[in-house]
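The structure appears right after this line, and notes come after that.
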Amino acid sequence: MVNISIPANLLPSDGRFGSGPSKIRSEQMDALVLASRHILGTSHRQAPVKNILGSVREQLRQLFSLPADWEVVMGNGGASLFWDAATFGLIQNKSEHLVFGEFSSKFADAARNAPHLDQPIVVEATPGEVPAVQLADVDTYCFTHNETSTGASMQLARPANSGDALVVVDATSAAGGMAWSPKEVDVYYFSPQKGFGSEGGTWIALCSPRAVERIGAIAATKRWCPPSLDLSIALDNSRANQTYNTPSISTFILLNEQLRWMLDNGGLPWCVQRTTQSSQHLYTWATQRSFASPFVANPQHRSPVVGTIDLDGVDATQISNILRENGIVDTESYRKLGRNQMRISMFPSVEPTDVQQLTACIDYVVEHLS
Ligand SMILES: *Cc1c(COP(=O)(O)O)cnc(C)c1O
């Protein structure tokens with residue numbers, strides 16, 4: 001192990017660049033401490049906790065400018081559980097999946113293996129690229145706003161002539177850091193430990209009236225569904241600012257505080273401006289270095305929230321290890337991608353100036369390795 005000590009003036013103010021769990025701001029922790037006596041450790045069926053859940057739902061409506069007839073639905077288990085719930089309660093018979101990385105492929109597998117569904121249409125692209133939607137006889141299109149495993153992201157657009165089909169979007173790392181329009185989407189779901197700097201174990205799904213109608217229509221058919229995966233039960237509970245079973249209250253307090261911070265500073269446009277500033281710096285830097293290049297070739301598909309940088313002539317694992325020794329953590333690439341790569345999150349919580357400090361640190365390490 002090479003020992004390189006990065007000068008203090010180059011270090012970022014916060015060394016957390018992981019793509020989930022991600023940086024939690026200290027003001028969020030302050031909110032948690034403040035809540036520790038009168039909210040934490042109290043019943044989730046009483047007003048103090050229900051008010052936090054209600055505030056999260058209301059602030060999400062504001063952040064995403066949701067039309068009044070949209071629902072904010074919540075449950076336990078994270079985005080991975082939501083895939084299973086969707087195979088029961090959103091996909092009627094047949095779905096189409098754009099697969100361009102680990103997360104999108106897992107949802108496609110869930111649909112493929114569900115015995116009550118037809119075989120899905122799976123349109124796959126090589127990692128780092130984004131597949132083009134194919135118009136097909138399906139009732140649900142499944143997209144991923146940002147593929148966290150590869151750093152490729154897509155613009156959300158409802159396929160032309162898609163009729164009654166729902167557009168269901170995994171926004172787990174994109175939510176809060178990328179722009180989208182509710183007109184183009186029916187379900188926008190995510191876990192809060194990425195762009196919102198909260199904790200894992202919860203899923204949140206923003207649902208259009210068409211999606212709410214679908215949930216009701218499938219529930220009315222009495223198709224078998226385990227209650228913990230039943231979206232109609234989750235919807236009923238969410239409307240009462242509750243979850244079907246006990247939630248992590250601290251997760252909602254951290255999320256509530258983060259939403260307040262985002263809204264106080266100017267809402268989604270402000271968040272997107274921050275992630276854009278961070279990512280433009282990262283990709284410009286990588287383009288200018290002989291040892292680095294953005295993994296995603298098409299600039300339009302380069303993620304503003306999760307940057308993937310291929311390295312050449314230097315060992316990415318060694319650099320990430322040295323950074324870790326210096327308190328800069330989780331810059332390793334997605335484990336299953338198997339590339340000589342660094343992956344850097346630029347969620348709204350990450351200071352754009354810290355991304356600049358980070359690239360200066362990488363320059364310093366590369367210089368002192370050679
Ligand atoms: C992290 C992630 C998931 C899985 O989230 P969990 O909370 O671990 O279930 C799903 N999709 C995307 C795009 C992700 O980034």
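Counting convention: from 1, in listed order, for ligands and their atoms alike. Just so you know, residue 1 is the first one in the sequence shown, and it goes up from there.
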Exercise for review: Report the residue from S173, S104, S19 that forms a side-chain hydrogen bond (donor to acceptor under 3.5 Å, both in side chains) with T148.
Suggested key: S173
Check your understanding: Can you list every ring-ring contact (aromatic ring centres under 6.0 Å, His included) pair that touches residues 227-264, not counting sequence neighbours?
Key -> W261-W270
Check your understanding: Do the rings of F64 and W180 sit parallel, tilted or perpendicular, given the 30° and 60° boundaries?
Key -> tilted
Practice item. Using the test side-chain contact (heavy atoms from CB on, under 4.5 Å), find all partners of D236 that sit at least two apart in sequence or belong to another chain. Key: R239
Check your understanding: Who passes side-chain contact (heavy atoms from CB on, under 4.5 Å) against S153, sequence neighbours left out?
Key -> N146, M178, S303, P304
Does ligand 1 have any N/O atom under 3.5 Å from a protein N/O, and what are those pairs and their distances?
| from | atom 1 | to | atom 2 | distance (Å) |
| --- | --- | --- | --- | --- |
| ligand 1 | 7 (O) | S191 | OG | 2.7 |
| ligand 1 | 7 (O) | Q193 | NE2 | 2.9 |
| ligand 1 | 9 (O) | A79 | N | 3.3 |
| ligand 1 | 9 (O) | S80 | N | 2.9 |
| ligand 1 | 9 (O) | S80 | OG | 2.6 |
| ligand 1 | 11 (N) | D170 | OD1 | 3.3 |
| ligand 1 | 11 (N) | D170 | OD2 | 2.6 |
| ligand 1 | 15 (O) | T148 | OG1 | 2.3 |
| ligand 1 | 15 (O) | K194 | NZ | 2.7 |

Check your understanding: Hey, are D186 and R214 close enough for a salt bridge, meaning a charged N less than 4.0 Å from a carboxylate O?
Key -> no
